[in-house]
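Data first, discussion second: the structure below is written as structure tokens.
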Amino acid sequence: MTTLDLDIVRQPAEPLPRYDLVQRGFHWSMAVIIIAAMLIGLYCAYQPPGQATRRFLLEWHKSLGMTALVLIVLRIAYRLAKAAPPYLDRLGRLNHAAASAAHLGLYALMLFMPLTGYWNSAAGGYSLPFFWLFQWPRIVPVDKAASHVAEELHLWGAWAIYGVVGLHIAAALWHHFIKRDHVLDRMLPRSR
Ligand code: HEM
Ligand code: HEM
């Protein structure tokens, strides 16, 4: 065994900087909630208004969306207090800028979507349920024109979130399976 080999054996591998438990908890719980809300929203978009299944699924959609609204406020507060971990493998300037822009876009959409959804339902005089447990307070006056504007914004935001989330997931899979770096591992618990 050469001195170099000994060095390799003795040196513990540099630990990978990861998102902490709270950051990972916010990320994965919100990923599940938001993807579920998106799929339900997409399904409902193809059902005629007033149809029973659509009404039932929209109650789920609104409940999930309002849960996302509460979580994103807490998540942003935590993120402002605690930064993302540094990258172990240098990403390159362009890649780094693209990741930061996508993350900022995701945070913006995670606020924009539930806020426009709330505004659409609140101003339209529609239900604002939380899983058949209670109704959220209606803090805007009933105003059909305003509700219509909010609905349009929500539908445009839906296109944006389909696109940005799609790119975000594709990028995570590309890093993991093609580039084979540690970007996805940063968002996973330590495996050993
Ligand atoms: C993270 C939160 C949310 C996301 C990602 C989201 C996403 C979506 C998507 C993808 C659609 C389907 C749009 C389409 O393709 O036509 C939709 C529709 C809808 N969303 Fe949301 N939404 C969220 C929160 C909310 C909230 C909080 C409410 C109400 C309290 C709400 C109410 C609605 C309604 C009523 C529709 C049907 C609109 C229509 O067909 O005219 N959403 N949403
Ligand atoms: C299967 C689905 C998903 C996978 C595999 C995934 C994977 C990842 C990974 C690996 C990171 C760390 C990236 C880095 O360090 O550069 C990350 C960060 C992030 N993800 Fe996802 N993600 C998924 C779904 C989502 C969804 C649905 C959203 C929100 C709509 C989201 C929002 C974010 C945000 C905002 C960050 C940045 C966190 C920060 O630095 O504060 N992710 N995701």
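Residue indices begin at 1 and follow the sequence shown. We count ligands from 1, going down the list as the structure has it; atoms in each ligand are counted the same way.
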### Task
Find out whether P85 and R186 are in side-chain contact, i.e. whether some heavy atom of one side chain is under 4.5 Å from a heavy atom of the other.
yes
### Task
Give a yes/no verdict on a cation-pi contact between K144 and Y126, requiring under 6.0 Å between NZ or CZ and the six-membered ring centre and an angle within 45° of the axis.
yes
### Task
May I ask you to check whether W136 and Y118 place their ring centres under 6.0 Å from each other?
no
### Task
Heavy-atom contacts with L184 under 4.0 Å: which atoms of ligand 2 show up? List them by number with element.
10 (C)
### Task
Taking atom OH of Y46 as the centre, report whether more than 12 heavy atoms of other residues, nucleotides or ligands fall under 6.0 Å from it.
no
### Query
Nearest protein heavy atom to atom 32 (C) of ligand 2, by residue and atom, and its distance?
L106 CD1, 3.6 Å
### Query
In Å and rounded to the nearest 0.5 Å, what is the CZ to OH distance from R24 to Y19?
11.5 Å
### Query
Which ligand 2 atoms are under 4.0 Å away from a heavy-atom of A84?
40 (O)
### Message
Tell me if the aromatic rings of H182 and Y87 count as close, with their centers under 6.0 Å from one another.
### Response
no
### Query
For atom 14 (C) of ligand 2, what's the nearest protein heavy atom and its distance?
Y87 OH, 3.3 Å
## Note on the structure
Out of L111, L128, L64, L58, the nearest non-hydrogen contact to atom 37 (C) of ligand 1 is supplied by L58
### Residues W156, Y162; criterion ring-ring contact (aromatic ring centres under 6.0 Å, His included); working and verdict
CA-CA 10 Å; W156 282 107; Y162 296 143; over 10 Å; no
### Message
Could you check whether atom CH2 of W159 has more than 12 heavy atoms from other residues, nucleotides or ligands sitting under 6.0 Å from it?
### Response
no
### Query
Of all the heavy atoms in M30, does at least one lie under 4.0 Å from an atom in ligand 2?
no
### Message
Heavy-atom pairs closer than 4.0 Å: do any link ligand 1 to the side chain of H148, the backbone, both, or neither?
### Response
neither
### Query
By atom name, which N, O or S atom belonging to H27 lies closest to atom 21 (Fe) of ligand 2?
NE2
### Message
Keeping to distances under 2.8 Å, can you name the protein N/O/S atoms close to atom 21 (Fe) of ligand 1?
### Response
H61 NE2, H154 NE2
### Message
For R54, state whether at least one heavy atom is located under 4.0 Å from any atom of ligand 1.
### Response
yes
### Polar contact flag, side-chain donor to acceptor under 3.5 angstrom, D181-H175
yes
### Message
Go through it in stages, so that I can follow the logic: the residues are R79 and Y107, the test is side chain to side chain contact (heavy atoms under 4.5 Å, CB included), and I'd like the CA-CA distance, side-chain angles, deciding distance and then a yes or no.
### Response
CA-CA 11 Å; R79 182 63 167 77; Y107 277 117; 3.7 Å; yes
### Query
Does the side chain of S127 pick up a donor-acceptor pair with the side chain of Q135 at under 3.5 Å?
no
### Message
Looking only at protein heavy atoms, which one is nearest to atom 12 (C) of ligand 2, and what is the separation?
### Response
Y19 CE1, 3.7 Å
### Task
Assess whether salt bridge (charged side-chain N to carboxylate O under 4.0 Å, His left out) is satisfied between D20 and K82, documenting all intermediate values.
CA-CA 9 Å; D20 72 17; K82 181 148 190 223; 2.9 Å; yes
### Message
Tell me whether ligand 2 is touched by Q23 - counting only heavy atoms on the residue side and a distance under 4.0 Å.
### Response
no
### Query
For atom 25 (C) of ligand 2, which protein heavy atom lies nearest, and how many Å away is it?
H168 CD2, 3.5 Å
### Task
Only heavy atoms count here, so choose which of I169, I33, V164, N95 is nearest to atom 1 (C) of ligand 2.
I169
### Message
Applying a heavy-atom cut-off of 4.0 Å, say which part of Y162 lies close to ligand 1: side chain, backbone, both or neither.
### Response
side chain
### Message
Could you identify the single nearest non-hydrogen protein atom to atom 36 (C) of ligand 2 and state the distance to 0.1 Å?
### Response
H103 CD2, 3.7 Å
### Query
Can you tell me if C44 has a non-hydrogen atom under 4.0 Å from ligand 1?
no
### Query
From T67 OG1 over to K62 NZ, what is the distance, rounded to the nearest 0.5 angstrom?
14.0 Å
### Query
Tell me: protein heavy atom nearest atom 29 (C) of ligand 2, and distance?
M110 SD, 3.7 Å
### Task
Any atoms of ligand 1 less than 4.0 Å from a non-hydrogen atom of E151? List them with their elements.
39 (C), 41 (O)
### Query
Can you tell me how far CD of Q23 sits from CZ of R75, rounded to the nearest 0.5 angstrom?
9.0 Å
### Task
Working to the nearest 0.5 Å, report the span between CG of L69 and CG of L111.
7.5 Å
#### Entry: Pairwise distance CZ(F26) to CG(L71) - rounded to 0.5 angstrom
6.5 Å
### Query
How long is the span from the CG atom in L58 to the OH atom in Y43, to the nearest 0.5 Å?
11.5 Å
### Query
Hey, any chance M187 and M110 share a hydrophobic cluster, counting ILVMFWY side chains that come within less than 4.5 Å of each other, even indirectly?
no
### Task
Heavy-atom contacts with R186 under 4.0 Å: which atoms of ligand 2 show up? List them by number with element.
14 (C), 15 (O)
### Query
With only distance considered, is Y107 within less than 3.5 Å of ligand 2 through an N or O on each side?
yes
### Query
Which residue supplies the protein heavy atom nearest to atom 34 (C) of ligand 2, what is that atom called, and how far is it?
R75 NH2, 3.5 Å
### Message
Need the ligand 1 atom indices (1-based, order shown) with element for anything under 4.0 Å from a heavy-atom of A45.
### Response
14 (C), 15 (O), 16 (O)
### Query
When only distance counts, is W28 in polar contact with ligand 2, meaning an N/O pair under 3.5 Å?
no
### Task
Using heavy-atom distances, let me know which of L155, L71, L109 sits nearest atom 38 (C) of ligand 1.
L155
